[in-house]
Amino acid sequence: MTWDVTVRRLHKAGNTPDEYEDAAYATAQGDRTGPAGAAARTERLAVADGATESALSGEWARMLVKELCACPLRTLSDPHAFRAVVTSLADGWPAWLRSYVRELGRPLHYWEPRRLTDGAAAAVLAVALTPVPGDGGPVVSWMWKAAAVGDCELFQVRDGTLVTAFPLTTSGAFGRTPALVHSLEALGPGGAGRVTLAGGWALPGDVFFLASDALAAWALFSQEAGTSPWEQLTRLARGDDARFAHVITQLRAEGVLRNDDVTLMAAVLGAEPGDPDTAPLRGIREETDDDHP
């Protein structure tokens, strides 16, 4: 068994695709098969939402998701280990920024130096899913763990029913000032206390949705109103980019979805390659810098 993963994204209305500041990344670690042919790869997924008010937040978001899909697994169950990973990444930001400025090939505008020296910031969510074989070898379940700073959201859905919402559980919990990971001070004065952790078990057929805040808040609001959003999210993941853009634009026009960059990652647990029921939920193992708009 494996996972099929797909990502849909749309930039904020009024912006260009180049101004999209979210990020998504997925990869696998370990051998494809273990003892007795059991799946042995741990799947790593991450979504980040760059803070609009900070410069280069999209670049910082992409750095975060890649790093949190490559770091040791204990990073997602130990807030101090998480802090160490993002602090190390932030330590490299000044050198990266100097290289970025050199490669611009032009003088900075009068307003750019202050924004650049203020650094970038992003909310981020990272998930790891490790297969657990049964007595005979084949995988019978998965153990998952997740770490988040801010309001990117994980939804675990089974048979159309929400099993887990993390880190926020109600639409009213979303605000304008979420916790963020900063490129200059990492987790800041709050330190490891800004990191939220979760974990659990998953079964074949479960779907994991990772979403940036605007879409996540809409999904929880819909759930609270008695209108399950999970079928619609599944259709959006199984559709194409044009369909995703149409539906998101419509929800924005109706006033039920805040105008912001929108990212949806969907992962189907136990989907076999070529399975016609999940074939549209296929698309990425790894995302490179050239894969985003």
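Every heavy atom of this structure was used, including side-chain atoms; hydrogens, water molecules and symmetry mates were not.
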Engineer: Check whether T42 reaches the backbone of T130 with its side chain - one donor and one acceptor, N or O, closer than 3.5 Å.
Structural biologist: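 No, because the side chain of T42 does not come within donor-acceptor range (under 3.5 Å) of the backbone of T130.
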Engineer: Give the C-alpha distance, both sets of side-chain angles, the deciding distance and a yes or no for side chain to side chain contact (heavy atoms under 4.5 Å, CB included) between V256 and F221.
Structural biologist: CA-CA 9 Å; V256 296; F221 181 82; 5.6 Å; no
Engineer: Do L104 and Y100 pass the side chain to side chain contact (heavy atoms under 4.5 Å, CB included) test, and can you show the C-alpha distance, the side-chain angles, and the key distance before you say yes or no?
Structural biologist: CA-CA 6 Å; L104 280 178; Y100 169 84; 3.9 Å; yes
Engineer: R8 vs V262, test: side chain to side chain contact (heavy atoms under 4.5 Å, CB included). Steps then yes/no.
Structural biologist: CA-CA 8 Å; R8 302 291 174 215; V262 174; over 6 Å; no
Engineer: Could you give the distance from CH2 (W93) to CG (L89), rounded to the nearest 0.5 Å?
Structural biologist: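 It is 9.0 Å, given to the nearest 0.5 Å.
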Engineer: Looking just at side-chain N and O atoms, do D22 and T263 make a donor-acceptor pair shorter than 3.5 Å?
Structural biologist: yes
Engineer: Look at atom CZ of R176 and say whether more than 12 heavy atoms of other residues, nucleotides or ligands are closer to it than 6.0 Å.
Structural biologist: no
Engineer: For the residue pair V85 and E67, establish whether any side-chain heavy-atom pair is separated by less than 4.5 Å.
Structural biologist: yes
Engineer: Going by distance alone, is a donor N or O of one side chain under 3.5 Å from an acceptor N or O of the other, for T16 and E19?
Structural biologist: yes
Engineer: Is there a donor-acceptor pair closer than 3.5 Å between any side-chain N or O of W60 and the backbone N or O of V181?
Structural biologist: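 Checked: pair present.
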Engineer: What's the shortest heavy-atom distance between E21 and A61, and which atoms?
Structural biologist: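 E21 and A61 have their closest heavy atoms at O-CB, 3.8 Å.
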Engineer: Rounded at 0.5 Å granularity, tell me how far NZ in K145 sits from CG in D78.
Structural biologist: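 Between K145 NZ and D78 CG, I get 10.0 Å after rounding to 0.5 Å.
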Engineer: Check this for me: does any side-chain nitrogen of one of R9 and D261 sit under 4.0 Å from a carboxylate oxygen of the other?
Structural biologist: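 No salt bridge links R9 with D261.
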Engineer: Counting only N and O atoms by type, is there a donor-acceptor contact under 3.5 Å from the side chain of R194 to the main-chain atoms of P189?
Structural biologist: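 Here the side-chain-to-backbone pair does not exist.
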Engineer: I need the minimum non-hydrogen distance between C152 and V47, along with the two atoms involved.
Structural biologist: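 Shortest heavy-atom separation between C152 and V47 comes out as SG-O, 3.9 Å.
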Engineer: Rounded to the nearest 0.5 Å, what's the gap from CG on L97 to CG on L56? Could you check?
Structural biologist: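 These two atoms lie 6.5 Å from each other.
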Engineer: Within a 6.0 Å radius of atom CZ on R235, are there more than 12 heavy atoms belonging to other residues, nucleotides or ligands?
Structural biologist: yes
Engineer: I'd like to know whether T196 forms a side chain to side chain contact (heavy atoms under 4.5 Å, CB included) with V149, so could you lay out the CA-CA distance, the side-chain angles of the two residues, the decisive distance to 0.1 Å, and finally the verdict.
Structural biologist: CA-CA 6 Å; T196 306; V149 176; over 6 Å; no
Engineer: For the residue pair R41 / Q29, report whether a side-chain donor-acceptor contact shorter than 3.5 Å exists.
Structural biologist: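 Side-chain D/A pair, Q29 to R41: absent.
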Engineer: If Ile, Leu, Val, Met, Phe, Trp and Tyr residues are connected whenever their side-chain heavy atoms lie under 4.5 Å apart, and connections chain through other members, are L73 and L197 in the same group?
Structural biologist: no
Engineer: Can you tell me if S222 and T227 form a side-chain donor-acceptor pair at under 3.5 Å?
Structural biologist: no
Engineer: Look at the side-chain heavy atoms of Ile, Leu, Val, Met, Phe, Trp and Tyr, link any pair under 4.5 Å apart, and say whether L76 and L269 land in one connected group.
Structural biologist: no
Engineer: For residues E43 and T27, determine if any side-chain heavy atom of one lies less than 4.5 Å from a side-chain heavy atom of the other.
Structural biologist: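 No, every pair of side-chain atoms sits at 4.5 Å or beyond.
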Engineer: Does one side chain, of W96 or E59, offer a donor that lies under 3.5 Å from an acceptor on the other?
Structural biologist: no
Engineer: For a quick test of reading the model, state the closest non-hydrogen atom pair linking W201 to Q156 and the distance between them.
Structural biologist: O-NE2, 3.1 Å
Engineer: When you compare the side chain of L264 with that of V7, does any pair of heavy atoms fall below 4.5 Å?
Structural biologist: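 No, too far: nothing below the 4.5 Å cut-off.
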Engineer: Using only atom types and a distance under 3.5 Å, with no angle test, would you say the side chain of R252 pairs donor to acceptor with the backbone of D260?
Structural biologist: yes
Engineer: What's the separation between atom CG in L251 and atom CG in L215, rounded to the nearest 0.5 Å?
Structural biologist: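 Between L251 CG and L215 CG, I get 8.0 Å after rounding to 0.5 Å.
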Engineer: Can any side-chain N or O of T234 pair as donor or acceptor with the backbone N or O of W230 at less than 3.5 Å?
Structural biologist: yes
Engineer: What pair of heavy atoms forms the shortest contact from V5 to A267, and how long is it?
Structural biologist: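 Here V5 and A267 meet closest at CG2-CB, 4.0 Å.
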Engineer: More than 12 heavy atoms of other residues, nucleotides or ligands under 6.0 Å from CD of E231: is that the case?
Structural biologist: no
Engineer: Would you confirm whether T249, through its side chain, and A245, through its main-chain N or O, come within 3.5 Å as a donor-acceptor pair?
Structural biologist: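 Checking the backbone N and O of A245 against the side chain of T249, a donor-acceptor pair under 3.5 Å is found.
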Engineer: Taking the side chain as every heavy atom from C-beta outward, state whether T6 and V268 have any pair of such atoms under 4.5 Å apart.
Structural biologist: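 No, their side chains stay 4.5 Å or more apart.
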Engineer: Are side-chain heavy atoms of D206 and V157 found at a separation under 4.5 Å?
Structural biologist: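 The answer is no, as the side chains (C-beta and beyond) never meet within the 4.5 Å cut-off.
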Engineer: Below 4.5 Å, heavy atoms only, C-beta onward: do V195 and H80 meet side chain to side chain?
Structural biologist: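 Sidechains of H80 and V195: no contact.
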Engineer: What about L233 and V163, same hydrophobic cluster or not, with Ile/Leu/Val/Met/Phe/Trp/Tyr joined at side-chain heavy-atom distances under 4.5 Å?
Structural biologist: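 No: no chain of side-chain contacts under 4.5 Å links L233 to V163.
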Engineer: How close do F174 and D213 get, heavy atom to heavy atom, and via which atoms?
Structural biologist: CE2-O, 3.8 Å
Engineer: Spell out, as yes or no, whether a donor-acceptor pair under 3.5 Å connects the side chain of S54 to the backbone of A120.
Structural biologist: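 Flag not set: sc S54 to bb A120 has no pair under 3.5 Å.
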Engineer: Check whether any side-chain heavy atom of L187 sits under 4.5 Å from a side-chain heavy atom of T87, and report yes or no.
Structural biologist: no
Engineer: Between atom OG1 of T52 and atom NZ of K12, what is the distance when rounded to the nearest 0.5 Å?
Structural biologist: 5.5 Å
Engineer: Please give me the minimum heavy-atom distance between A121 and L180, naming the atom from each residue.
Structural biologist: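 For A121 versus L180, the nearest heavy atoms are CB-CD1, 3.8 Å.
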Engineer: Out of curiosity, L64 CG to D49 CG, how far, rounded to the nearest 0.5 Å?
Structural biologist: 11.5 Å
Engineer: Is there a side-chain contact between F82 and V86, using heavy atoms and a 4.5 Å cut-off?
Structural biologist: yes
Engineer: Per the side chain to side chain contact (heavy atoms under 4.5 Å, CB included) rule, which among F155, F208, W144 passes with T164?
Structural biologist: W144
